[in-house]
Amino acid sequence: MTHFPVTSTTLSATALGQFAIEKYNLSPNAICKLFRTGINHTYFITDDDHKYVLRVYCYNWRSKREIEAEMDLLLYLKQNNIGISYPIADRNKQFIQDINAPEGLRHAVLFSFAEGGKMRFMNTETCFKIGEMMGKIHQTTVDKSCNRITYNSESLLQKPYELTLQHFPVENLEMQYIKTVCDTLKQTLESIDYSKVSTGIIHLDIWYDNMSITEDNQITLFDFDFCGKGPLILDVAYFCKQLFHIENDKNEYEIKKVAFLKGYQNVRELTNKEIGLIPEAAAAVWIFYLGVQSQRFDWSNVFLTENYLELLYVARLKSWLEYHIAIIN
């Protein structure tokens with residue numbers, strides 16, 4: 001019988017466990033379990049008292065060169081004592097594994113396990129600590145570059161809008177709104193005075209779901225899959241926007257945002273121009289991630305409906321922009 005071609009598979013946790021045992025000299029008792037599928041697939045490996053995270057990159061999602069750049073960044077941050085989940089080399093001192101999956105060549109990396117738990121509702125002290133952590137990362141990566149995407153008006157706005165048009169017609173009212181916002185944000189991004197706005201390597205996905213926090217506020221950041229070069233304020237803005245949607249009480253949001261920004265500026269200063277860019281920078285990243293969902297339709301097709309676009313994604317974009325317009329005015 002001829003095997004039918006596939007575009008995406010979920011690899012056997014049992015087989016991956018055996019693969020990891022052989023590659024990383026783990027004990028024969030090591031157990032691998034699928035944690036979740038998504039843009040990439042994540043597995044947890046338990047070897048006696050040791051835990052690891054195995055990420056299997058989806059087919060054609062990241063090139064080996066891009067993954068190597070991500071590993072270089074993580075090792076650099078680890079060397080600078082930044083609390084991140086770092087890659088672990090195999091017995092041959094290699095970080096990236098090649099896996100011949102049914103759909104084609106996929107890559108895998110073993111990471112250290114981030115101790116702690118996810119904290120959706122954070123207190124001001126934790127927000128301050130997250131700000132400090134982000135500030136330390138940016139202090140380490142400012143003015144640096146990497147072999148990854150550059151975040152600008154084309155990658156944040158133009159391409160995501162075009163990708164989303166593959167799923168929604170240009171006449172759709174939400175798409176018309178997104179186009180209007182994109183046109184406005186494009187002007188802002190292309191007129192940035194970089195003598196007053198710092199650039200460097202950014203994470204671009206710093207929010208509660210990508211960090212583990214212990215009871216004593218020790219923070220470990222992970223999932224640098226979207227790292228690239230761009231204005232550092234994009235990271236700051238995106239965290240503020242996520243905090244905005246978590247906190248229904250906007251007074252609480254303002255208090256926690258202030259704590260976060262104080263934590264950040266306890267490490268490195270933000271210019272007035274950078275702070276002023278937060279509303280529009282966050283909106284640009286929000287549109288970028290709509291493009292990611294559109295690009296990865298195999299993962300996000302349960303989200304990409306007209307109801308989702310109108311009632312959740314665009315509604316949140318509108319609430320963010322309208323809130324800050326009201327604050328500014």
For a ring-ring contact (aromatic ring centres under 6.0 Å, His included) check, start with the C-alpha distance between Y313 and Y289, then their side-chain angles and the critical distance, and finish with the verdict. CA-CA 10 Å; Y313 217 89; Y289 276 113; 8.8 Å; no
Flag if over 12 foreign heavy atoms under 6.0 Å of [atom1], [X]:
X	atom1	value
Q176	CD	yes
N92	CG	yes
K118	NZ	yes
Q166	CD	yes
D249	CG	yes

Report the relative orientation of the aromatic rings in F113 and F44; use parallel for angles under 30°, tilted for 30 to 60°, perpendicular for over 60°.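 Judged by the thresholds at 30° and 60°, the geometry between F113 and F44 is perpendicular.
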May I ask you to decide if the ring planes of W320 and Y253 are parallel, tilted or perpendicular, using 30° and 60° as cut-offs? perpendicular
May I ask you to test the [X]-[Y] pair for a side-chain heavy-atom distance under 4.5 Å?
X	Y	value
Y308	E174	no
L54	F19	no
T199	L232	no
I206	N210	no

Residues E274, K196; criterion salt bridge (Lys or Arg N to Asp or Glu O under 4.0 Å); working and verdict: CA-CA 7 Å; E274 287 173 319; K196 299 177 181 178; over 6 Å; no
Aromatic [Y] / basic [X] pairing, under 6.0 angstrom, 45° off normal:
X	Y	result
R62	F226	yes
K262	F128	no
R316	W286	no

What distance do [X] atom [atom1] and [Y] atom [atom2] have between them, rounded to the nearest 0.5 Å?
X	Y	atom1	atom2	result
Y57	S63	OH	OG	10.5 Å
T124	E252	OG1	CD	8.5 Å
S112	I84	OG	CD1	6.5 Å
N29	I31	CG	CD1	7.5 Å
T7	N60	OG1	CG	10.5 Å
L234	E280	CG	CD	12.0 Å

Establish, from distance only, whether the side-chain atoms of [X] and [Y] form a donor-acceptor pair under 3.5 Å.
X	Y	result
D90	Q97	yes
D183	T180	no
S294	T164	yes

Dump the intermediate steps for ring-ring contact (aromatic ring centres under 6.0 Å, His included) on F222 and F111, then the final yes or no. CA-CA 9 Å; F222 48 85; F111 293 92; 9.3 Å; no
Over all atoms of both residues, closest heavy-atom pair of [X] and [Y]:
X	Y	result
G116	T214	CA-CG2, 4.0 Å
Y177	V314	CD2-CG1, 3.7 Å
L11	A101	CD2-CB, 4.0 Å
A20	I45	CB-CD1, 3.6 Å
R296	C58	NH2-SG, 3.6 Å
A114	T220	CB-CG2, 3.6 Å

Looking at [X] and [Y], would you say the former's side chain and the latter's main chain have a donor-acceptor pair under 3.5 Å?
X	Y	value
Y86	Y76	no
Q293	F303	no
T42	F35	no
R55	V109	no
H324	P279	no
R91	Y24	no
Q265	L270	yes
D47	S27	yes
Y59	S8	no
S155	T150	yes

Does I233 form a side-chain contact (heavy atoms from CB on, under 4.5 Å) with I278? I'd like the steps, not just the answer. CA-CA 7 Å; I233 197 63; I278 287 175; 4.0 Å; yes
Below 4.0 angstrom, N of the basic side chain to O of the carboxylate: do E254 and K250 qualify?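 Here E254 does not pair with K250 in a salt bridge, since their nearest N and O are not under 4.0 Å apart.
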Is it true that R106 and D98 make a salt bridge, defined as a side-chain N closer than 4.0 Å to a carboxylate O?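 Looking at D98 together with R106, the answer is no, because their closest N to O distance does not fall below 4.0 Å.
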In terms of hydrophobic clustering (I, L, V, M, F, W, Y; side-chain heavy atoms under 4.5 Å; direct or indirect links), are I202 and I275 co-clustered?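 Yes, I202 and I275 fall within the same hydrophobic cluster.
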Verify the cluster assignment for L321 and L312: are they in a single hydrophobic cluster under the rule of side-chain heavy atoms below 4.5 Å apart? yes
Using the rule given for side-chain contact (heavy atoms from CB on, under 4.5 Å), can you reason through D225 versus D205, listing the C-alpha separation, both sets of side-chain angles and the distance that settles it, and then say yes or no? CA-CA 9 Å; D225 188 44; D205 200 12; over 6 Å; no
If the condition is salt bridge (charged side-chain N to carboxylate O under 4.0 Å, His left out), which residues does K129 pass it with, not counting sequence neighbours? none
Sorted by chain and number, sequence neighbours left out, salt bridge (charged side-chain N to carboxylate O under 4.0 Å, His left out) with K159 holds for none
Would S319 and H245 count as a side-chain contact (heavy atoms from CB on, under 4.5 Å) here? Give the steps. CA-CA 9 Å; S319 67; H245 296 307; 3.8 Å; yes
Name the atoms and distances for all side-chain donor-acceptor pairs under 3.5 Å in residues 133-145, with sequence neighbours left out.
| from | atom 1 | to | atom 2 | distance (Å) |
| --- | --- | --- | --- | --- |
| H138 | ND1 | Y264 | OH | 2.7 |
| H138 | NE2 | D235 | OD2 | 2.9 |
| Q139 | OE1 | R268 | NE | 3.4 |
| T140 | OG1 | K136 | O | 2.8 |
| T141 | OG1 | I137 | O | 3.2 |
| T141 | OG1 | I201 | O | 2.8 |

Begin with the C-alpha distance, continue with both residues' side-chain angles, and end with the deciding distance and a verdict on side-chain contact (heavy atoms from CB on, under 4.5 Å) for F288 and Y151. CA-CA 10 Å; F288 168 78; Y151 289 108; 3.8 Å; yes
Does the gap between the ring centers of H203 and F224 come in under 6.0 Å? yes
